[in-house]
Structures are given as structure tokens and as C-alpha cells.
Q: 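Here's a structure for you.
Protein chains get the first letters and strands the later ones, always in sequence-line order, with residue 1 at the start of each.
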Amino acid sequence: MKDGPAVLEGQHFLLGDHACAEGALAAGCRFFAGYPITPSTEIAERLAHRLPEVGGIFVQMEDELASMAAIVGASVAGARAMTATSGPGFSLMMENVGLAAMMEVPCVVVNVQRGAPSTGLPTLVAQADVMQARWGSHGDYEIVAYAPASPQECFDLTVRAFNTADQYRIPVFVLADEVVGHMTERVVIPPPDAIPKVERKRPRTAPGGDGFLPFQADDDLVPPMAHAGEGYRVHFTGLTHDERGYPATNAEAHDRLVRRLVEKVRRHAWRIEEYEESQLEDARVVVIAYGSTARSARRAVAVAREEGIRAGLLRPITLWPFPGERVRRLAERVGAVVVPELNMGQIAREVERFTHRPVLGVNHAGGAMLPPEPILDTIREAATR
Amino acid sequence: MTTLMAERHPSDPLFRADRLPHIWCPGCGIGPAMHAYAQALVESGIPLDRHVCVSGIGCSGRVPGYLNIDSYHTTHGRAIPFAMAVALVRPQLEVAVFSGDGDLFAIGGNHFIHAARRNVDLNVICINNFNYGMTGGQVGPTTPMGARATTAPYGNYEQPFSLPYLAAATGAVFVARWTSLHLRQLKQAILRAMKKRGLTFIEVLAPCPVGFGRPNEIGDAMEEMMLYRERCVVDHGAPLAALDIDLRQRDHPIVLGNFVDIERPVFDPLAMRRPAPEVEDHAPLARKEQEG
């Protein structure tokens, strides 16, 4: 059989997990290290087949600790690198997520969420890793997390995850869920020249000179990145470090570094944040939903409209940074905010930080998709207030 | 009397001189081992820009930061998978993992055995000082039976690893053990490791007078070094099962040498998509099996 191209241009009927894999290939990912875990395994299987076709490297590691360490290593050597996992594996990756944040090494982690905590419901959906994605590794840092609601978005947002990771030199998550990962739908893959590509910022001086400091940031707070073997003789460490990359274990250096790591994302949050709005112009009740739950919410809003309730939907595409400013402005004029999610109220809490009043949560711990009916019931209840 | 003051040391270009002095205690064996590695970097004939050194956490994990080459000080235990990826993405680079016994064989033990099984093209240099030095002398997976540590105040009751035996059993293609007193032999072993493709393993026994010597009443650094000097026996052909270290018995030798030097196919994720390998690739293994 002939090898497939890196960008599988055309219309496909694709599994969400497979669409993540194709998105990675289209984005130029040429290194994947992972460990089998339901419900993300199809991503590894697809890439085990597809990466060698395009000269890329697939390694099935001994565990998720190694998987995460390996993609950070691949990235410092210059590759676009990714891993994919689900809850328990995501927990194991957290220490090296922090390493990637501290060393400013771009990489992409797909987490296809399943029922949790612990082993939980390996084959069934949940959306309960939202806060772990934000705060999972110790310390202060900022990441970006995309929440796809369809196989098409699994493709599109995986591409975007690589670009965002390279632009800001951060780990980026694709926070999918089991329903989206195991759903098969139409996916349109554009031609290679239509795939957006943001290049990693690279040193502007030749190696060997004194001019290049590997952790000296530009005005955008992002330092250019030199790769292993290029002659810049860089030192990367998870210790607090100065602009040379040398350990600098003191209060001043620590505050300077951590502040920059946080600020480089916060300052650009307005560019990173993405959301989709529908029927919000005249809405009295706004539903805020993401991932597979947004699909049910869309239906609930449509039925509510048929019943004469002025309902609308805000679907965050980036959960982190959270589009809080948009929520704040909405909350000023709508009557009620409904937040359905397959967890005990994780994004609801984030929403309340911006509404400054309680929202109506529609919560289930997971195991099945949240159907439209309980969301609709809550919209009706909200409309009577 | 005149004072002679050297402005520069011949090895200065090998180190980040602006980072010195280093953090290690007086009498520590890591510095000499680092110097042997630095000498090997030069004598390897491979340009310094093509050498990469990766470490985990601990006293030995600080080595890459002092070397004037591309260097990565990663998380505790994870140097090997990190380094593996660097070696796979840039196969033209000569990648070493320089770390300690606790880092590589306690928290990171799983990665070592799998890297050895796969025969990843890495040179693993392990400083074994029989304890966790950086955290103040705790018991580790190489602490000899009976030895005292802050977390083994009555003496260690766990069987330690024999690292060369473990490395050989899990597939390393070159396995050696030297001490930080055997610098010429150590440098030669590192050079041999750099010439070999696949996973090589060199254990360097190193004094830790503060973390290990003091609680075990070995005395100061000089006396710990004397212990190695008196007990060490070089025997390249020693049976791998007889390389255990027991400091309680004065007549129990510490066996040093280059114990294993074999050929095995090197880890290559694209191997099955390349044209069939030539038969000679497997010949040394097959011959050995016939002889056995």
C-alpha cells in the first residue's frame, strides 16, 4: 500500500481520536511518545501507522512519565512533539508538564477525558479534568487548553494547539472527552498550504557569539529557542534560572522568572481565547457549555427558543485561558446563566468568578453524555426567575 | 618565595567557568568523574557541538550544568526518556545521561531497564555514592547491606542492586565499573562507550564523605578513597553475578572492569520499514549462542 501524505487533504468520515492524530500530522508533528490508555488509544494506534509513513517517530513508552519526558526531549531537539492520554495517564504526566512550562518547551498533550477519579470509568465520558488541566502541576504557570466539540474540531484544534505551543513556548492541552474522541463525523482536511503554521521563534544571531542568551525574552515575553546540536551550547534546567539558563536560586530571580512565565500567556490571553456564540443578541438565559456537552446544550437552547424562551449559547473553545471577560459582559445583561458539565461544577466555579452571582449548574459525574432534557429543564426554571 | 598563579586551566573551554565553583562537598567523587567525561568529550574527536548531556536530579544531576555543551537538567528519574527523544530526533548527536544511582535506579529504574532492553543509543554514566547525597544521606537502592543512613539509622536491611549485573541482564551493550580514583580507566571506558552504538552503562563508584562516609565511620574523604584503593580488584572477566558490593567484610573485593562488550541491533523506531538488515547484524549474538 502506498504511503499516505502528511496532510490527508479531502473529506473524511473520521473518529475524533483519529482526527486528533491527523491534525498533529498536518501541523508537522513528527514525534509521538505515548502509552495505551482508554479512551485515547486510537490516537496512538493511528500515529503508530501514520508517523512512519511520513518519516516521523512513534515510540510506545514504558509509562506516561516517560511519554511526557520524551516529548519535552524531542521538542528541545527541534521536533514538533505530542502525546495523548486519559485521566490516570494525565495525572502521571503532570510533573513533566511543569518541566515543559519551566523550561519553556513547546509540546502538545491530548487528554481524552473519562470518568474519574482514579480508574473511574475507563470507557465512559466525563469532563472532570478541567481544573487538573489548569492547575495539575505544582506551582504557578499558565497553559492553554482547547475543548473540541466535534471530530472536525479535534483536527482543527490539534493544529492550533501546536501553533499556540510554539508561539508562546508552552505546553498546550487538547482537552477532549470520550464522546468526542469516539464519535465519527465528517472531517474536512484542507490542502497543506491552507494549514495555519506558526513558526517557533529562533535565535537571530549565529552560534558561537556572545549575543545569545537562551532565556532572554523579547517584548512579547517569549525567548527565541535554540535546539540541541545547533552550537548554542544551551543549558535548560527545571530549577529557577536566569537569562543564561543558569540556576539562580534566589527570591529575585524566582519572582522575575515565574512572573514572566505567567505574564507571557496572560498578556496574550485576548489573542488566545476562543469561543462560539449563538443566539446571544437578545438572550435572557445564557447556557455556557463546552466539549460534547455543548452539543446537548445546542439542542436544549433550540427547543427553549421554540417554547418562546430567549435562550442563547456561549461555547468556550479555549477553557484556558477562560473567556471570562465575555462572560462578565454577558452577565451584566442576561437574567440567568446555566452551566451544564460532566463534573461537579468545575467551569461553573470559573464562570461565577466573572458573573459575581451564582449560576445554575447542571451536573452529572459522567458515564454518559449529558442529554438535552435536564439542560432544558434548567433553562425553563431560569426563565421563570 | 614566588607565587605561581594560573590565569587559565587547559580544560576551561570544556566548562562553564562562570558557573564555578561547583556545589559539591570537599572530597566528593563527582568532580573527578566529570573531568574524566570532559576529557573524553575532547578525545572522542566528535565536535563539542555534537555532544549533549542530560541529567535528572541530585548532586550528580548538576554535572551537565557545568559542562560547556548542550545540557539538560530534567526532572527526578526522567533523564533517560528525555535523552532518548533527543537521540532519536537528532541521531547525529552523541547523547550521554550523567546522573546518580538514586535518580537512575530508584525513581528512574523503570526507564533504565526499558532503554537497555530497547538498546537506545545513549551513554549512561551513573555516579554511585551509595546514598542520596543532596537530601542529606538517605538510604538508596545501592546502599550496601548494613550501612547506615539517615533513613536507615539501624543499618540498611534491603538488598542493593548490583548495577553492572542489572545493566547486563537488561541488555546494555557495554558495561563497566570504575571508581573516581581510576580516572584513566574511566576516561577510556567512556571513550569506548562513545564509539559504540546502543545503550552503554558505566558505574562510577564515588566517595561521599558527608552523606555516606561520616555515618558509616569510614572517616574523611581520603580514608573513603583508601577503602576503594585497598578493596578494588580489576577483573574484566569477572562473572556478572559476582559483582555485588559488601563493605562489611574487609576481604570482600570491589570488582572493577569493562565487563560487557557485545553488539545488538540499535533501537530504531523505523527499523521495520527500512530494507531488511544485513545478516551480519545478528551474527555476533548468534555465534555467542552457538558457543554457549
Side-chain angles (χ1 to χ4, degrees), chain A residues 3 30-33 48 51-53 55-81 95-100 102-103 105 107 137 207-208 214 226-239 241 244-247 249, chain B residues 13 16 18-19 23 47-57 61-62 64-95 107-115 117-118 120 267-274:
Chain A
D3 285 354
R30 292 296 178 268
F31 187 96
F32 179 95
L51 267 172
E53 288 186 338
I57 297 165
F58 171 92
V59 189
Q60 184 172 313
M61 299 302 294
E62 52 271 22
D63 57 33
E64 288 90 346
L65 302 160
S67 304
M68 189 65 214
I71 67 164
V72 181
S75 185
V76 302
R80 277 193 155 184
E95 187 187 10
N96 285 302
V97 167
L99 181 75
M102 193 65 154
M103 285 184 168
V105 178
C107 53
S137 197
H227 297 149
E230 291 182 331
Y232 290 96
R233 311 235 181 134
V234 291
H235 183 57
F236 281 52
T237 177
L239 283 168
H241 46 270
R244 296 170 299 178
Y246 291 4
T249 46
Chain B
R16 302 184 207 267
D18 52 349
R19 283 217 54 213
I23 62 157
L48 285 183
D49 286 344
R50 278 174 47 200
H51 284 281
V52 175
C53 191
V54 182
S55 70
I57 297 298
R62 294 302 191 95
Y66 296 121
L67 295 165
N68 190 19
I69 57 175
D70 282 330
S71 54
Y72 300 90
H73 179 216
T74 69
T75 43
H76 200 16
R78 318 300 161 209
I80 285 178
F82 187 106
M84 178 205 77
V86 175
L88 289 176
V89 171
R90 302 227 170 191
Q92 71 277 23
L93 299 181
E94 187 66 29
V95 184
I107 191 167
N110 198 31
H111 309 309
F112 178 85
I113 63 175
H114 287 282
R117 170 180 66 79
R118 294 181 178 115
V120 180
F267 184 52
D268 173 12
L270 293 170
M272 293 301 152
R273 285 184 53 94
R274 298 190 203 280

Q: Examine whether an atom of A/Met103 lies under 4.5 Å from a heavy atom of chain B, and if so say whether it belongs to the side chain, the backbone or both; otherwise answer neither.
A: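 Contact with chain B involves the side chain of A/Met103 alone.
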Q: How far apart are the closest heavy atoms of B/Phe267 and A/Val59, and which atoms are they?
A: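 Reported closest heavy-atom pair: CZ-CG1, 3.8 Å.
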Q: Do B/Tyr72 and A/Val234 come within less than 4.5 Å of each other through their side chains, counting heavy atoms only?
A: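 Yes; the side chains approach each other to less than 4.5 Å.
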Q: Where do A/Arg233 and B/Leu48 land on the side chain to side chain contact (heavy atoms under 4.5 Å, CB included) test, with the steps shown first?
A: CA-CA 9 Å; A/Arg233 311 235 181 134; B/Leu48 285 183; 3.5 Å; yes
Q: Closest heavy-atom contact between B/Pro81 and A/Met61?
A: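 Closest heavy-atom pair between B/Pro81 and A/Met61: CB-CE, 3.9 Å.
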Q: Are any of the side-chain heavy atoms of A/Asp63 and B/His114 separated by less than 4.5 Å?
A: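 Not in contact.
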Q: Output the option from A/Ser67, A/Pro52, A/Ala33 having the highest count of non-hydrogen pairs under 4.5 Å with chain B.
A: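 Greatest number of close heavy-atom pairs with chain B: A/Pro52.
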Q: Supply the atom-to-atom distance B/Ile57 CD1 to A/Thr237 OG1, rounded to the nearest 0.5 angstrom.
A: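 Between B/Ile57 CD1 and A/Thr237 OG1, I get 6.5 Å after rounding to 0.5 Å.
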Q: What's the verdict on side chain to side chain contact (heavy atoms under 4.5 Å, CB included) for B/Arg273 and A/Asp3, showing C-alpha distance, side-chain angles and the deciding distance?
A: CA-CA 11 Å; B/Arg273 285 184 53 94; A/Asp3 285 354; 2.4 Å; yes
Q: Heavy-atom pairs under 4.5 Å with chain B - which of A/Leu51, A/Ile71, A/Leu99 has more of them than the others?
A: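 When all of A/Leu51, A/Ile71, A/Leu99 are compared, A/Leu99 has the most.
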Q: Take A/Arg244 and B/Arg16, measure what side chain to side chain contact (heavy atoms under 4.5 Å, CB included) needs, and give me the verdict at the end.
A: CA-CA 11 Å; A/Arg244 296 170 299 178; B/Arg16 302 184 207 267; over 6 Å; no
Q: Show every side chain to side chain donor-acceptor pair (under 3.5 Å) that has at least one partner inside residues 74-88 of chain B, sequence neighbours left out.
A: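 Non-adjacent pairs meeting side chain to side chain donor-acceptor pair (under 3.5 Å): A/Asn96-B/Thr75, B/His76-B/Asp103, B/Arg78-B/His111.
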Q: Tell me which of these, A/Gly56, A/Gly238, A/Pro247, has more heavy-atom pairs under 4.5 Å with chain B than the rest.
A: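 Looking at each option in turn, the highest pair count goes to A/Pro247.
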Q: Taking all heavy atoms of B/Val86 and all of A/Ala228, pick out the closest pair and write down the distance.
A: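 What the structure gives for the nearest pair is CG1-CB, 4.2 Å.
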Q: Once the angle between the rings of A/His235 and B/His73 is folded into 0 to 90°, is it parallel (under 30°), tilted (30 to 60°) or perpendicular (over 60°)?
A: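 Parallel.
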Q: Please flag which part of B/Leu88 lies under 4.5 Å from any non-hydrogen atom of chain A: side chain, backbone, both or neither.
A: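 Contact with chain A: backbone and side chain both.
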Q: How many angstroms lie between CZ in B/Arg62 and CG in A/Leu239, if you round to the nearest 0.5 Å?
A: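 CG of A/Leu239 is found 5.0 Å from CZ of B/Arg62.
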Q: Does the B/Asp49 side chain pair with the main chain of A/Gly229, one donor and one acceptor, at a distance under 3.5 Å?
A: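 No; judged by distance alone, with no hydrogens or angles, the pair does not exist.
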Q: So, do B/Asp18 and A/Tyr246 sit near enough that their side-chain heavy atoms are less than 4.5 Å apart?
A: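 A side-chain contact exists here, since the closest heavy-atom pair is under 4.5 Å.
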Q: Measure the CZ-CD distance between B/Arg90 and A/Glu230 for me, rounded to the nearest 0.5 Å.
A: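 Atom-to-atom, B/Arg90:CZ and A/Glu230:CD are 5.0 Å apart.
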Q: Counting heavy-atom pairs under 4.5 Å to chain B, which of A/Gly208, A/Gly231, A/Gly78 comes out on top?
A: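 The residue among A/Gly208, A/Gly231, A/Gly78 with the greatest pair count is A/Gly231.
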Q: Is A/Phe31 close to chain B through its backbone or its side chain, or both, or neither, when contacts mean heavy atoms under 4.5 Å?
A: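 For A/Phe31, the side chain is the part near chain B, not the backbone.
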Q: Considering non-hydrogen atoms only, spot the tightest contact between B/Ala85 and A/Ala74 and give its length.
A: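 Heavy atoms only, the tightest pair is CB-N, 3.3 Å.
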Q: Side chain, backbone, both or neither: which part of A/Gln60 has a non-hydrogen atom closer than 4.5 Å to chain B?
A: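 When you check distances to chain B, only backbone atoms of A/Gln60 fall under 4.5 Å.
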